[in-house]
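Below is one structure; the comments refer to it alone.
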Amino acid sequence: MRKLPPLRSLHAFEAAARHGSFKTAAAELGVTPTAISHQIRLLEEQCGRLLFQRRPRPLTLTSAGASLFPALRNGFDVLAGAIAALSEPDIHGPLRVTSPSAFASRWLVPRLPTWREANPGVPLEIIGTDAVLDLRAGAADVAIRYARQPPLDFAAREVCRDAFFPVCSPGLLMREARPVQRVADLLRFPLIHFDWMSRDPDAPTWRRWLAMARSIDPDLKMDKAWDLSFREEIHAIDAVVAGQGIAICSDIVVSQELENGVLIKAHPLSLPGYGFYVVSMPHGARAAAIESFSAWMRSVI
């Protein structure tokens with residue numbers, strides 16, 4: 001084990017030697033000059049050598065003190081640099097992006113090859129979660145937030161807004177001999193529900209969609225039960241892709257499936273959605289990379 005004097009004594013000596021003053025060292029360390037003098041006397045006793053010539057003034061180092069001071073000064077400088085490096089963000093590491101799970105899985109991940117092609121020097125770390133991570137605490141560098149309006153106290157830029165349509169696999173509709181012509185025809189199929197926004201009165205649910213559809217078809221019955229219900233949006237989408245029913249889905253989240261024909265809109269009536277925002281701390285160390293990420297999202301949305 002290393003045999004070292006108490007850190008307080010070493011700290012007091014280094015500050016006093018650097019300033020050439022017990023008083024100034026005491027002000028830097030938030031103690032009294034008497035406390036500085038006491039700590040240095042303890043250090044002198046342990047070393048068995050005087051470290052300062054206290055009289056006549058000004059305060060000067062002895063030969064032993066002059067030998068010890070550079071080693072302590074350099075050691076404290078190295079320690080301070082190491083602590084500062086730990087507290088600073090790693091601007092060369094992956095850009096940590098947090099996103100709602102379904103958006104990350106269905107929209108973001110399939111498009112990552114275009115990011116790597118355009119920004120080969122900026123790797124991404126994708127954190128897919130529906131929890132709101134604390135950007136102030138450094139949980140992520142940038143967040144994709146889905147909200148009615150921009151989050152307050154952050155730098156936020158809206159990328160797009162979505163709408164919610166009844167969507168299903170083409171094969172599901174082909175199982176029925178009769179075509180879907182009216183809203184009521186959809187009720188012949190299993191309805192898939194997910195409750196990720198169940199506490200929001202304006203959530204784009206089947207209940208709201210059917211209430212809107214009733215204005216088109218007053219005879220529409222509202223007593224249809226949900227055939228499948230999921231806690232997570234992403235699981236509801238998986239069920240729709242598997243042909244298990246129809247769900248009210250974001251046209252942004254399932255845009256790739258709609259483009260390649262894996263899913264189709266079962267009816268053109270839609271509910272308004274919210275905005276997708278790229279959110280970050282203002283004036284952060286990774287502002288340039290975040291701006292590149294925001295611009296890339298707008299270019300591929």
Test item: Ile264 and Cys168 side chains (from C-beta on) under 4.5 Å apart, heavy atoms: yes
Nearest heavy atoms of Pro204 and Ile248, plus distance in Å: O-CG2, 3.5 Å
Cluster overlap Leu112 with Val142, hydrophobic side-chain contacts below 4.5 Å: yes
Ile144 vs Met297 side-chain heavy atoms within contact, under 4.5 Å: yes
Exceeds 12 heavy-atom contacts within 6.0 angstrom, atom CZ of Arg208: yes
Ser63 side, atom OG; Gln53 side, atom CD - distance, nearest 0.5 Å: 8.5 Å
Residue pair Leu95, Asn119: steps toward the side-chain contact (heavy atoms from CB on, under 4.5 Å) verdict: CA-CA 11 Å; Leu95 184 69; Asn119 301 272; over 6 Å; no
Single-linkage hydrophobic cluster, 4.5 Å side-chain cutoff, Phe189 and Val240 together: yes
Ring geometry between Trp296 and Phe293 (parallel below 30°, tilted from 30 to 60°, perpendicular above 60°): tilted
Atom pair CG (Leu72) and CG (Leu43), whose distance is rounded to the nearest 0.5 Å: 7.5 Å
side-chain contact (heavy atoms from CB on, under 4.5 Å) between His267 and Asp185, intermediate numbers included: CA-CA 10 Å; His267 196 279; Asp185 294 333; over 6 Å; no
Side chain Thr62, main chain Leu50, donor-acceptor under 3.5 Å: yes
Inter-residue atom distance Leu228.CG - His235.NE2, 0.5 Å rounding: 13.0 Å
Met212 backbone acceptor or donor facing Ser215 side chain under 3.5 Å: yes
Pairwise side-chain contact, Trp107 with Phe276, heavy-atom cut-off 4.5 Å (strictly under): no
Considering all heavy atoms, the nearest Thr205-Leu271 contact: O-CD1, 3.7 Å
Tyr146 and Tyr274 aromatic ring geometry - parallel, tilted or perpendicular at 30°/60° bounds: tilted
Any side-chain heavy-atom pair of Glu125 and Ile127 under 4.5 Å: yes
Whether Ser99 side chain and Gly128 backbone form a donor-acceptor pair below 3.5 Å: no
Residue pair Phe69 / Arg18, side-chain heavy-atom distance below 4.5 Å: yes
Heavy-atom donor-acceptor pair, Trp209 side chain to Phe164 backbone, under 3.5 Å: no
Backbone of Leu51 reached by a side-chain donor or acceptor of Glu44 within 3.5 Å: yes
Flag, side chain of Arg161 to backbone of Arg148, donor-acceptor distance under 3.5 Å: yes
Residue pair Ser101 / Ile234: nearest heavy atoms and the distance that separates them: O-CD1, 4.2 Å
Phe22-Leu42 co-clustered via ILVMFWY side chain contacts under 4.5 Å: no
Single-linkage hydrophobic cluster Val279~Leu124, side-chain heavy atoms < 4.5 angstrom: no
Approximate separation, where rounding is to 0.5 Å, of Cys249 SG and Ile192 CD1: 8.0 Å
Smallest separation among heavy atoms of Pro190 and Asp227, with atom names: CA-OD2, 3.0 Å
Test item: Gln256 and Arg111 side chains (from C-beta on) under 4.5 Å apart, heavy atoms: yes
Check: Trp206 side chain, Pro166 main-chain N or O, donor-acceptor pair, under 3.5 Å: no
Backbone N/O of Ser21 and side chain of His19: donor-acceptor pair under 3.5 Å: no
Contact check, side chains of Ser270 and Lys265, non-hydrogen atoms, under 4.5 Å: no
Contact check, side chains of Gln39 and Ile36, non-hydrogen atoms, under 4.5 Å: no
Evaluation steps, ring-ring contact (aromatic ring centres under 6.0 Å, His included), between Phe154 and Tyr277: CA-CA 11 Å; Phe154 290 98; Tyr277 295 90; over 10 Å; no
Approximate separation, where rounding is to 0.5 Å, of Ile40 CD1 and Glu14 CD: 10.5 Å
Partners passing side-chain hydrogen bond (donor to acceptor under 3.5 Å, both in side chains) against Arg49 (at least two apart in sequence or in another chain): none
Gap between atom CD of Glu28 and atom NE2 of His11 - 0.5 Å precision: 6.0 Å
Asp162 backbone acceptor or donor facing Asp251 side chain under 3.5 Å: no
Distance-minimising heavy-atom pair for Glu233 and Ala102: OE1-CB, 3.4 Å
Over all atoms of both residues, closest heavy-atom pair of Val183 and Ala213: CG1-CB, 3.6 Å
Salt bridge present between Glu45 and Arg41 (N-O < 4.0 angstrom): no
Side chain Ser292, main chain Ala288, donor-acceptor under 3.5 Å: yes
Residue pair Leu210, Leu187: steps toward the side-chain contact (heavy atoms from CB on, under 4.5 Å) verdict: CA-CA 10 Å; Leu210 290 171; Leu187 304 186; 4.1 Å; yes
Cluster overlap Val300 with Val278, hydrophobic side-chain contacts below 4.5 Å: yes
